[in-house]
Amino acid sequence: MLQTNFIKENTALVIERLTKRNLDATPIVENIIKLDDDRKKTQQELDNLLAESNRLAKQIGDLFKEGKAAEANTLKLQTAELKEKSTTLKEQQNSINEELTQLLYQLPNIPNQLVPNGKTDADNKLIFENKKQVSLAENNKLPHWELAKNYDLIDFELGVKITGAGFPVYKGKGAKLQRALINFFLNEAEKNGYQEIIPPLMVNEASGYGTGQLPDKEGQMYYVTEDDLYLIPTAEVPITNIYRDVILKEEDFPIKNVGYTPCFRREAGSYGKDVRGLNRLHQFDKVEIVQIQHPEKSYETLEAMVEQIKQLLNQLNLPYRIVRLCGGDLGFTSAMTYDFEVYSAAQEKWLEVSSVSNFEAFQANRLKCRYKDKNGKTNLVHTLNGSALALPRIMAAILENNQTENGINVPEVLVPFTGFNLIN
RNA sequence: GGAGAAAUGGCAGAGCGGUCGAAUGCGGCAGUCUUGAAAACUGUUGUACCGCAAGGUACCGGGGGUUCGAAUCCCUCUUUCUCCGCCA
């Protein structure tokens, strides 16, 4: 969430930037400012009352020690009134804080000035497009779900039997190809200086709040009521929450972690051809890169992450494009996001395979992740993350784009991991 | 899952209900000494909020309670350790 002080000092900017999200934040912002003023006022009063009580308590103690019980008891009477007042004030303070927090939770991150205005993904700005698009021969235009079936790589019906729709079963060469991709992605991240993490796949409520899935997006996550835990929708959640309530040193930057995990998403309300095959799943594999950076360096880091992901797609030899999300399409917690989309030649459409974001201090504020600067002052860090990469749609594109009369060619960089170069 | 013990500052570890934001040791930082380093010595060393400042307030695992006053007493939750049971 945004910092109250930042909102107060940059009110016009906050409101103006949020119009990029087609949001008029004026009423919320004004309310926040008013509540914060109230909060300060009540706190001052409360602090004075408590200071007075503390003084009296000390006096009473001294009097008792000197054996002046009568005087002490007189003073005791005074404290009753103070206590009553401070209890009321404390309650007031709590409800103000509660209301303030609720409002702050409602406010999304302010978009970077580069974020284009717009409402839907049609307004996203094309940043890069790899021109060489695959055009398949007429008789070689099978969608990946048919290829998966023909070569017995992925069994969707079996997943339905075992669990339900959206939980595919990978088999044989399908499973090996999947594992090859995971290893390839992890190795590449390691080459780029990331530390590998294997995090828990379930997180508690505090972690959900830390990265911004909660409140509001609980509908997207699977929830285990018995133990009050959420299945992670992305490795971002556990990996970023490593740094919740942590104070870093300036020389710790940059912190670079990578994690492969399955991801679980309820995807309530999705239907039709969007969910066909591997296009949208309830459980899918993803390799996620997460960085914690000095605020001054976060945008240069974002660009580096984009470059890193480009290299992955180049090596896999897949046609792709990069868009900068417009305000209307931008995630709640993000200040700027690039989406990567691969071209799926048989479906003839672009599939999102990565989302790379700079959250600036938005998550850090919730996480209370800070660093001490040279002057010993603590400031919020910036957090970033990106998929590098999400597996199913990469798998779909590989299957579709590389299909031939004789079978499906495995991208060269994966062959060392698969041990085969053709699926037939 | 059952029984018991515990949770204090970066770490270790004291702490009769008032003088405790908290002894002491280690570590960190600054300085003295030294050609330099080590050792020794001296000082300093948590977070947040309010305040121009002086200063004030809150925090001893979380929440609640008793009391004029709680790190200290009570309740509750969480976590850790030991023993038993179960188990990959």
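Predicted, not measured: the structure shown is a model, and the values here were computed from it. Reminder, nothing fancy here: chain letters follow the sequence lines and each chain counts from 1.
Salt bridge annotation for A:K149-A:E146: absent, with no cationic side-chain nitrogen under 4.0 angstrom from a carboxylate oxygen. A salt bridge links A:K286 with A:E288: the distance from a Lys NZ or Arg NE/NH1/NH2 to an Asp or Glu carboxylate oxygen falls below 4.0 Å. Under 4.0 Å is where a charged nitrogen must lie from a carboxylate oxygen, and between A:K8 and A:D37 at least one such pair does.
Here the separation of B:rG17 from B:rG65, taken at their C1' atoms, is 15 Å to the nearest Å. For the P atoms, the distance from B:rG15 to B:rU24 is 15 Å, rounded to whole Å. A distance of about 14 Å separates the P atoms of B:rC77 and B:rG4, rounded to the whole Å. Comparing the P positions of B:rA58 and B:rU19 gives an interatomic distance of 13 Å, to the nearest angstrom. With both ends at atom C1', the span from B:rC87 to B:rU79 equals 22 Å, rounded to whole Å. Taking atom C1' in both B:rC16 and B:rC20, the straight-line distance is 13 Å, to the nearest Å. Look at the C1' atom in both B:rG10 and B:rC86: the space between them is 39 Å, to the nearest Å. Remark: the separation of the C1' atoms in B:rA6 and B:rU57 is 31 Å, to the nearest Å.
Note on ring orientation: taking the six-membered ring where Trp is involved, the planes of A:F340 and A:Y320 are parallel (angle under 30°, cut-offs 30° and 60°).
Here B:rC87 sits opposite no nucleotide as a Watson-Crick or G-U wobble pair (both hydrogen-bonding atom distances under 3.5 Å). Shown here, B:rA23 forms no base pair; nothing in the strands shown gives a Watson-Crick or G-U wobble contact with both key distances under 3.5 Å. B:rC81 is paired with B:rG4 under the criterion used here, namely a Watson-Crick or G-U wobble arrangement in which both key atom distances are under 3.5 Å. Pair assignment for B:rG36: none, as no Watson-Crick or G-U wobble contacts are both less than 3.5 Å. Taking a pair to require two hydrogen-bonding distances under 3.5 Å in either a Watson-Crick or a G-U wobble arrangement, B:rC60 remains unpaired. In this structure, B:rA53 makes no Watson-Crick or G-U wobble pair, since no nucleotide meets both defining distances under 3.5 angstrom. The partner of B:rA30 is B:rU42, by the rule that a Watson-Crick or G-U pair needs both atom distances under 3.5 Å. Base-pair partner of B:rG9: not found among the strands shown (Watson-Crick or G-U wobble, both distances under 3.5 Å).
For the pair A:R366 CZ and B:rA48 C1', the interatomic distance rounds to 19 Å; values are reported in whole Å. A:E52 places its CD atom 14 Å from the P atom of B:rG56, with the value rounded to the nearest Å. Rounded to whole angstrom, the span from the CD atom of A:Q44 across to the P atom of B:rA54 amounts to 16 Å. In this entry the distance linking CG of A:D47 with P of B:rG55 reads 16 Å, nearest Å. Per the geometry, CG belonging to A:D227 stands 14 Å off C1' belonging to B:rU78, to the nearest Å. A:L89 places its CG atom 19 Å from the P atom of B:rC49, with the value rounded to the nearest Å. For A:K58 and B:rA70, the NZ to P distance is 12 Å, given to the nearest whole Å. Between A:N5 atom CG and B:rA48 atom C1' the separation is 12 Å, expressed in whole Å.
Between A:R370 and B:rU47 there is no side-chain N or O to OP1 or OP2 distance below 4.0 Å. For the OP1/OP2 pair of B:rA48 and a distance below 4.0 Å, the side-chain nitrogens and oxygens of A:T378 include at least one atom meeting the criterion. Between A:K90 and B:rA58 there is no side-chain polar atom (N or O) within less than 4.0 angstrom of OP1 or OP2. Residue A:N54 has a polar side-chain atom (N or O) positioned under 4.0 Å from OP1 or OP2 of B:rU57. Regarding contacts with the backbone of B:rG46, every side-chain N or O of A:K372 stays at 4.0 angstrom or more from both OP1 and OP2.
Mapping A:A51 and A:I60 onto RNA chain B by nearest heavy atom places A:A51 at the nucleotide closer to the 5' end. Mapped onto RNA chain B by nearest heavy atom, A:G61 and A:I247 fall at different nucleotides, with A:G61 at the one closer to the 5' end.
Listed nucleotides B:rG69, B:rU47, B:rC50 differ in distance to A:K40; the shortest reach to its side chain belongs to B:rC50. Residue A:L50 has its side chain nearest to B:rA58 when only B:rC68, B:rA58, B:rC49 are considered. Among B:rC49, B:rG56, B:rU47, the nucleotide with an atom closest to any side-chain atom of A:Q43 is B:rC49. Side chain of A:R39, nearest nucleotide from B:rG18, B:rG69, B:rC50: B:rC50.
Open room surrounds NZ on A:K90; 12 or fewer heavy atoms of other groups in view lie less than 6.0 Å from it. Atom CD of A:E218 has more than 12 neighbouring heavy atoms from other residues, nucleotides or ligands inside a 6.0 Å radius. More than 12 non-hydrogen atoms from other residues, nucleotides or ligands lie less than 6.0 angstrom from CG of A:L422.
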Decide yes or no on side chain to side chain donor-acceptor pair (under 3.5 Å) for A:Y260 and A:E196, but give the supporting numbers first.
CA-CA 8 Å; A:Y260 150 69; A:E196 185 174 345; over 6 Å; no

